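Each remark here refers to the structure printed beneath this line.
Residue numbers start from 1 in every chain, and the chains themselves are labelled A, B, ... in the order their sequence lines are given, proteins ahead of strands. Quantities reported herein were computed from a predicted structural model and do not represent experimental measurements.
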Protein chains: 2
Amino acid sequence: MRPTVHDVASEAGVSLATVDRVLNKRAGVRSATVARVEAAIARLGFVRDISAANLAKQRVYHLAFIIPEGPNAFMRGLEHELEQLKLRSALDRTEIRILKVPPFDSAALASALESLDTSVVSGVALVATESAATREALARLWQANIPIVTLVSDMPGSRRDHYVGIDNVAAGHTAARLIGRFVGPRPGRIALVAGSMLVRDHVERRMGFDQVIRAEFPNLHCLPVLEGRDDAAITGKVLAECLAAAPGVVALYSIGAGNRGVIEVLSGTPAYRDIVVVAHELTDHSRKALRDGLFDAVINQDAGHEIRSAIRLLKARIDGTDIIDGQENIRIEIYLRDNLP
Amino acid sequence: MRPTVHDVASEAGVSLATVDRVLNKRAGVRSATVARVEAAIARLGFVRDISAANLAKQRVYHLAFIIPEGPNAFMRGLEHELEQLKLRSALDRTEIRILKVPPFDSAALASALESLDTSVVSGVALVATESAATREALARLWQANIPIVTLVSDMPGSRRDHYVGIDNVAAGHTAARLIGRFVGPRPGRIALVAGSMLVRDHVERRMGFDQVIRAEFPNLHCLPVLEGRDDAAITGKVLAECLAAAPGVVALYSIGAGNRGVIEVLSGTPAYRDIVVVAHELTDHSRKALRDGLFDAVINQDAGHEIRSAIRLLKARIDGTDIIDGQENIRIEIYLRDNLP
DNA sequence: CTGAAAGCGCTTACAG
DNA sequence: CTGAAAGCGCTTACAG
């Protein structure tokens with residue numbers, strides 16, 4: 001049998017209340033007593049039963065998720081996963097609150113962060129948009145000892161405990177190799193369509209893509225990046241113009257969330273059907289494009305996994321427990337039409 | 001506040017013990033009383049707190065994992081994940097027992113299953129090898145109402161609750177498309193190296209591979225399957241003979257666990273370096289081959305995910321709780337040198 | 001600075 | 001067939 005607080009108490013010759021004080025690092029215990037209890041804990045190899053503690057405490061984890069509003073299908077996917085979990089959240093004493101903010105708007109993000117009541121919220125996950133205001137808002141939470149996790153889009157150097165998402169430079173490398181290998185030795189140009197070059201993940205993917213194309217596929221050449229603002233209409237327009245103007249485009253890398261616009265343009269013109277296309281994020285549209293042979297590969301990060309991982313990470317920091325690294329590592333998933341989940 | 005057993009008891013006008021009897025479907029309650037309690041549960045929307053129940057019960061989950069012994073790196077990976085979890089298993093009231101059996105030996109598997117004490121074990125996961133004896137052994141467990149999960153290798157039609165692993169036909173499709181696209185339009189032959197054509201997963205991968213090559217890549221032609229018994233020396237020998245005898249091999253599909261033998265042969269002869277290679281399972285050897293450019297892609301299933309999923313599925317059946325489908329879906333992962341985890 | 005007692009939401013003998 | 005009381009491993013007022 002595992003030792004319990006009772007065992008520790010009698011081993012240390014103190015009461016349960018005192019063991020509890022030491023266990024939870026509460027003030028007001030003589031240091032000699034603390035030492036006695038800690039020695040007993042070590043001797044017995046005591047590990048506290050978190051679910052019993054949570055039961056006694058009637059602990060509820062109040063987690064806030066801040067994600068961009070708008071039509072971005074991937075963000076809606078994250079929201080959908082959150083909603084699913086909310087339905088069963090009472091089961092695990094978890095209260096999830098979703099705050100939606102305008103996309104690409106760091107001021108709105110900062111004020112959402114400022115609106116959080118640090119006496120209520122026990123952990124925060126956010127899709128980051130960088131700015132000084134965001135940084136300061138995070139610093140406030142940090143000072144209140146509230147665990148913070150960035151989701152999908154990171155903010156290195158800020159007060160966050162973890163980043164839950166993929167390595168976007170490596171994702172760019174991956175896209176480049178797929179395109180380079182699928183196109184083969186023939187020469188040609190590559191069209192790049194991003195949402196905005198102000199967003200860190202798009203910049204990183206593009207950078208990674210460029211590196212591998214330059215270094216390993218000298219037959220290919222990248223055109224300047226088109227910015228479609230993750231909007232189908234704008235994306236379609238700029239892409240159509242680009243393809244009409246630039247001959248010899250053999251491949252296309254869709255960096256952001258503008259897949260619907262890309263699909264419309266490509267499926268509208270028979271001559272474009274041979275273009276090798278690699279896009280990001282598995283959605284209804286990109287799945288269909290993959291099945292129809294319009295897209296050749298889709299690079300994905302699993303929204304469900306990311307949400308569950310963010311929750312596990314926040315709870316682990318709240319409880320002071322360990323995590324399993326492999327479980328929290330978000331993979332750069334490659335999908336062809338054959339291995340769709 | 002969520003309703004508790006106390007609320008249900010007073011709502012139904014019975015005692016806690018009676019609520020508990022109804023909740024756990026224990027016999028010896030008048031059906032009128034059962035109805036009253038069930039009505040109260042429905043009216044209140046009561047959902048029982050499993051961790052409180054487990055605390056009161058002092059429940060321990062006794063899970064048995066049966067996996068093949070021997071040098072197969074993937075199986076050793078599964079075992080490693082299990083050992084990692086055992087270190088922290090006391091934390092979640094889970095006792096994991098690993099039984100190792102000779103590979104490809106259904107008689108040994110069956111007797112391992114027969115050795116399990118149904119009064120102790122609460123759930124079983126096994127890497128299946130098909131046979132009548134295995135089937136009967138599983139039927140015994142099924143009769144004792146013990147949840148069963150097949151791992152990595154399935155046994156359709158047997159008494160198992162779930163299969164935790166990939167769709168191997170789809171994995172074969174995926175390998176075929178990668179090879180077809182990477183090779184491009186030039187004609188050539190494909191060497192196939194499996195462990196044994198008596199193992200269901202290898203047969204299925206091969207079948208899926210063949211389907212896609214025939215239907216979509218008429219420039220390519222599959223050679224007869226070589227059987228290396230998942231042994232480096234045997235694999236190396238048969239592959240070397242095959243490549244020496246058959247000219248025009250442009251690609252190789254390593255279906256089973258014989259990657260070390262494949263690597264030795266390919267890296268030993270400069271002329272073989274251009275062969276497009278797709279292999280299964282990420283191990284130290286296959287990672288290195290990918291980085292060195294010897295392998296072009298590796299198809300993987302995540303051993304850690306599979307172990308965690310098997311445990312979640314068994315516990316859910318034991319507790320009678322729901323699962324999240326997306327979380328238990330094992331992906332056909334594609335790795336290039338760029339997206340290695 | 002420390003302890004005795006009650007309670008978190010369940011289950012389990014034991015009595016009747 | 002049903003209920004009162006104690007207990008699972010922890011925490012929390014309240015007293016001293």
Side-chain angles (χ1 to χ4, degrees), chain A residues 1-38 40-41 44-61 89-95 122 315 318-321, chain B residues 1-38 40-41 44-61 90-94 122 315 318-321:
Chain A
M1 291 299 290
R2 274 172 68 187
T4 73
V5 277
H6 290 93
D7 301 317
V8 174
S10 66
E11 175 83 10
V14 299
S15 74
L16 288 181
T18 297
V19 172
D20 187 71
R21 287 182 187 106
V22 174
L23 236 37
N24 293 288
K25 300 192 200 310
R26 277 190 268 271
V29 184
R30 235 188 321 170
S31 62
T33 313
V34 172
R36 283 230 312 284
V37 174
E38 282 174 343
I41 290 175
L44 265 45
F46 169 84
V47 182
R48 101 140 138 306
D49 180 332
I50 305 260
S51 36
N54 283 346
L55 174 62
K57 274 188 197 145
Q58 303 197 71
R59 131 102 74 213
V60 176
Y61 301 90
S89 63
L91 291 175
D92 35 23
R93 303 166 181 287
T94 308
E95 203 102 302
S122 38
K315 286 189 181 171
I318 294 167
D319 294 338
T321 52
Chain B
M1 290 300 292
R2 276 172 67 187
T4 71
V5 277
H6 290 93
D7 302 317
V8 174
S10 65
E11 175 82 11
V14 299
S15 72
L16 288 181
T18 297
V19 172
D20 186 71
R21 287 182 187 106
V22 174
L23 236 37
N24 293 289
K25 301 190 197 312
R26 277 189 269 269
V29 185
R30 236 190 319 170
S31 62
T33 313
V34 172
R36 285 231 310 287
V37 173
E38 280 173 346
I41 289 175
L44 265 42
F46 169 83
V47 183
R48 102 140 138 308
D49 179 332
I50 305 257
S51 34
N54 282 346
L55 175 61
K57 275 188 197 145
Q58 304 196 73
R59 128 105 73 218
V60 176
Y61 301 90
L91 291 175
D92 33 23
R93 302 165 181 288
T94 308
S122 38
K315 286 189 182 171
I318 294 167
D319 294 337
T321 52

Looking at [atom1] of [X] and [atom2] of [Y], how far apart are the two atoms once the value is rounded to the nearest 0.5 Å?
X: A:Thr18; Y: A:Arg36; atom1: OG1; atom2: CZ; answer: 9.0 Å
X: B:Ser51; Y: B:Asp92; atom1: OG; atom2: CG; answer: 12.0 Å
X: A:Leu23; Y: A:Arg48; atom1: CG; atom2: CZ; answer: 4.5 Å
X: A:Glu38; Y: A:Phe46; atom1: CD; atom2: CZ; answer: 12.5 Å
X: B:Lys315; Y: B:Arg93; atom1: NZ; atom2: CZ; answer: 10.5 Å
X: A:Asp49; Y: A:Leu55; atom1: CG; atom2: CG; answer: 9.5 Å

Taking only the side-chain nitrogens and oxygens of [X], find out if one of them lies under 4.0 Å from OP1 or OP2 of [N].
X: B:Arg93; N: D:dC8; answer: no
X: B:Arg30; N: D:dT2; answer: yes
X: A:Thr18; N: C:dC1; answer: no
X: A:Thr33; N: C:dT2; answer: yes
X: B:Arg26; N: C:dT12; answer: yes
X: B:Ser15; N: D:dG3; answer: yes

Nearest to the side chain of B:Val14, heavy atoms from C-beta on, is which of D:dG3, C:dG3, D:dT11?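 The listed nucleotide nearest to B:Val14's side chain is D:dG3.
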Residue whose closest nucleotide on DNA chain D lies nearer the 5' end, A:Arg21 versus B:Ser31: B:Ser31
Of B:Ala17 and B:Ala27, the one whose closest nucleotide on DNA chain D sits nearer the 5' end is B:Ala27
Whole angstrom is fine here: how far is it from [atom1] in [X] over to [atom2] in [N]?
X: B:His6; N: C:dT11; atom1: NE2; atom2: C1'; answer: 11 Å
X: B:Asp7; N: C:dG7; atom1: CG; atom2: P; answer: 15 Å
X: B:Asp319; N: C:dC10; atom1: CG; atom2: P; answer: 14 Å
X: B:Leu16; N: C:dG9; atom1: CG; atom2: P; answer: 12 Å
X: A:Lys25; N: C:dC1; atom1: NZ; atom2: P; answer: 17 Å
X: A:Asp49; N: D:dG7; atom1: CG; atom2: P; answer: 19 Å
X: B:Arg2; N: C:dC8; atom1: CZ; atom2: C1'; answer: 12 Å
X: A:Leu23; N: C:dT2; atom1: CG; atom2: C1'; answer: 16 Å

Sorted by number, the residues of residues 51-61 of chain A with heavy-atom contact under 4.0 Å to DNA chain C: A:Leu55, A:Ala56, A:Gln58
Across the strands shown, which category fits [X] at heavy-atom distances under 4.0 angstrom: base, sugar-phosphate, nothing?
X: A:Val8; answer: nothing
X: B:Val5; answer: base
X: A:Val22; answer: nothing

Tell me which one of A:Asp20, A:Ile41, A:Leu16 satisfies side chain to side chain contact (heavy atoms under 4.5 Å, CB included) with A:Val8. A:Ile41
Aromatic A:Tyr61 / basic A:Arg59 pairing, under 6.0 angstrom, 45° off normal: yes
Stepwise, does the side chain to side chain contact (heavy atoms under 4.5 Å, CB included) test hold for B:Val60 with B:Thr94? CA-CA 6 Å; B:Val60 176; B:Thr94 308; over 6 Å; no
Taking pairs as Watson-Crick (N1-N3 plus N6-O4 or O6-N4) or G-U wobble (N1-O2 and O6-N3), each distance under 3.5 Å, the stems of three or more consecutive pairs with DNA chain C are C:1-3 with D:14-16, C:5-12 with D:5-12, C:14-16 with D:1-3
Between A:Asp7 and A:Arg2, is there a salt bridge with N-O shorter than 4.0 Å? no
